[in-house]
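Here the structure comes first, spelled out in structure tokens, and everything after it is commentary.
Only heavy atoms go into these numbers, but all of them, side chains included; no hydrogens, no water, no symmetry mates.
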There are 2 protein chains.
Amino acid sequence: MEKKKIRICMVGFGNAGRAFCRMLLYKSEELESTYGYEPVVTAICTKTKGILLNTGGLNLQQAIEEAEQRGGFLPDNTGLYQGTVLEAIERSCADVLLELSTLSIFDGQPAITHIEKALDLGMHVVTANKGPIAWAYSRLKEKADSRNRMFLFEATVMDGTPVYNLVKETLPGCRVIAFKGILNSTTNFILEEMEKGASYEASLKEAQMRGFAEADPSMDIDGWDAAAKTAALINVLLKGEVTPIEIRRTGISAITLDEINRARSEGKKIKLLCEGRRTTDGITGIVHPVKLDEKDFFSLIDATSSILSITTDLMGEICIVEKDPEIQQTAYGIFSDFLTILKNISGIRRDYAKQ
Amino acid sequence: MEKKKIRICMVGFGNAGRAFCRMLLYKSEELESTYGYEPVVTAICTKTKGILLNTGGLNLQQAIEEAEQRGGFLPDNTGLYQGTVLEAIERSCADVLLELSTLSIFDGQPAITHIEKALDLGMHVVTANKGPIAWAYSRLKEKADSRNRMFLFEATVMDGTPVYNLVKETLPGCRVIAFKGILNSTTNFILEEMEKGASYEASLKEAQMRGFAEADPSMDIDGWDAAAKTAALINVLLKGEVTPIEIRRTGISAITLDEINRARSEGKKIKLLCEGRRTTDGITGIVHPVKLDEKDFFSLIDATSSILSITTDLMGEICIVEKDPEIQQTAYGIFSDFLTILKNISGIRRDYAKQ
């Protein structure tokens, strides 16, 4: 089989992006021998570490090392590029854009612009950034469809755990009626620590120390991250057209230790739920803390684990749970979308892991 | 679009088969308008109710009514056929065999023979019968592959909840390392009733009354049903080649109320687990009652609900849960496989529910 190249442009090179690159390096020979394509990264765009560009393929290992050990790409790195991100996307000659930039929860930008640019250039797009799905899903999907390009985003909710693909690929003919999930790690972790008796402040500090709460935690605490995920799920699974602003949203900042203790004395636990539902009046989305019975297995989703229950017309209710994810699970979400594109491009539907 | 027929031969016409037929009747117009195929059932083979055959298409509504209200197909039903099941399969001119006959747990027959016959005749095959997957998966899959026919079996474990499709369609590139599940309703229900204080005998009677335990419950109680499911999952997900005989198997008949109470006093619950694992020494499968901590959400899978946890190399552990299934969920498992075939035959990959 002739070996061709599949070129990748990455926007964003944080933990998830670098973990994806490691997975790609690790699996690259298997991918080549199964699909006849050599994956090469031709551009890496970052906000603070610089931009690398080489249409022949960058030295990934070097890029990872410089980003992790030197705080940015070095001046003598031959791939260093001085233009803008949009210019780099254009000059990358990539087949696939990976949009992994930091979420801007109030408008989904600049990720949306990156994705539009890439689709206009004829690239397939994978995003792990939920902003574009929460803010502009139907527009981007239409653009991708009209250009016959794939637009995939499995990593935006529950990392690599199949959520969108679960419905699309394994529940044919089903209409989703409602969903309910625990989808934000930071708040879930804090509520759990408070149940054990820790204060809100101490719990938050612990979450930050473990690396999953941001320095500015308000996006999590006030329910914005959960609202963006709820909007994304509504837009894709319920075919709604909402933005995070339209999700009724209550965070956890008003919850006191007292309330948590009272709930516990009733045999209950407080969890931050994301819910979406199709009713005769339209589609509604809500993020709110809810007291759950301890016999409800949602109450046992602890720490950074997450759960999504999906109710459909033909198949009733099923739930999917992600247990104790690490950064590799996010990387896998990107990798699995990339693999879907590779399979389609190569026309080889066989899965290498099935051999 | 020209309307063509997709012909179905059914072997078995029990609760699940009739529920499938109802779903087919309900969705038939949508299927026709999306895929351009009219589904017609040309044969229905039963062990005690007779066989119906009409290559032009049977009157499904009438067949359902006769089976449910008259105990069998009536002598004046113009479709009545006097030959054997294998002859009926041959004369059905079907494109798809639905093998829904009763499980024979010790050899998978006669379902395996039905499936081989159908594949030899060039039919695609859907089975809800776990026997063939537990006893002869690799042989049947090879036969199907060599004839370029689909062989699908989603309903054999956890009804229509995606288990095989979850791995095949949504976890590309992942190798399954291990699985663990609660997959037998009867034992799960009995253990739960005993926890509430009921005796084993009363619990079993209640399960029989509710319709999910067989008159001869030994297949469930002794762990044979769970072992067959474990073997099926090992054969497909771990690419093993085992039969139910090779699964280390302990049922629940030796569990006393005393033991259950003692577990409860330790804050634990006893559940019948099905486990499979790939180790350096090969693949092992086991069915056994296990004391679970009440913080383990497997302990909250109650009554007829079920759960399967799957651990893979790239994606860590994910779990899928089916909540309170009814017969419709089994019917959906068959329906979703049928839809997969319809999509492939028609070349129309679009899902009608996505419109």
Interchain contact, [X] with chain A, by part (heavy-atom threshold 4.5 Å):
X	answer
Glu30(B)	side chain
Ile320(B)	both
Ile307(B)	neither

- Item | Top contributor to chain B interface from Ser309(A), Cys319(A), Gly160(A), Gly316(A) [non-hydrogen pairs under 4.5 Å] |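 Top option by heavy-atom pairs under 4.5 Å: Cys319(A).
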- Between Met158(A), Glu326(A), Lys343(A), Lys295(A), which has the largest tally of heavy atom pairs under 4.5 Å with chain B?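 Answer, by heavy-atom pair count under 4.5 Å with chain B: Lys295(A).
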Does the side chain of [X] reach to within under 4.5 Å of the side chain of [Y], using non-hydrogen atoms?
X	Y	value
Tyr332(B)	Pro172(A)	yes
Thr170(B)	Thr170(A)	yes
Pro162(B)	Leu166(A)	yes

Would you please name every residue forming a side-chain hydrogen bond (donor to acceptor under 3.5 Å, both in side chains) with [X], sequence neighbours left out?
X	result
Glu38(A)	none
Lys291(A)	Glu266(A)
Asp296(A)	none

- Message: Tell me whether Arg277(A) at atom CZ has more than 12 heavy atoms from other residues, nucleotides or ligands lying less than 6.0 Å away.
- Response: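 Open.
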- If contact means a heavy atom pair closer than 4.5 Å, which residues of residues 17-28 of chain A contact chain B?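 Hits under 4.5 Å: Met23(A), Lys27(A).
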- Query: What part of Phe335(A) lies closer than 4.5 angstrom to a heavy atom of chain B: side chain, backbone, both or neither?
  - Reply: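 Contact with chain B: side chain only.
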- Message: Report which part of Ile318(A) has an atom under 4.5 Å of a heavy atom belonging to chain B: side chain, backbone, both, or neither.
- Response: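 For Ile318(A), backbone and side chain are both near chain B.
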Rounded to the nearest 0.5 Å, how far does [atom2] of [Y] lie from [atom1] of [X]?
X	Y	atom1	atom2	answer
Thr161(B)	Leu171(A)	OG1	CG	8.5 Å
Ser299(A)	Leu300(B)	OG	CG	6.0 Å
Glu322(B)	Met315(A)	CD	CE	4.5 Å
Ile310(B)	Lys323(A)	CD1	NZ	14.0 Å
Glu169(B)	Glu169(A)	CD	CD	5.5 Å

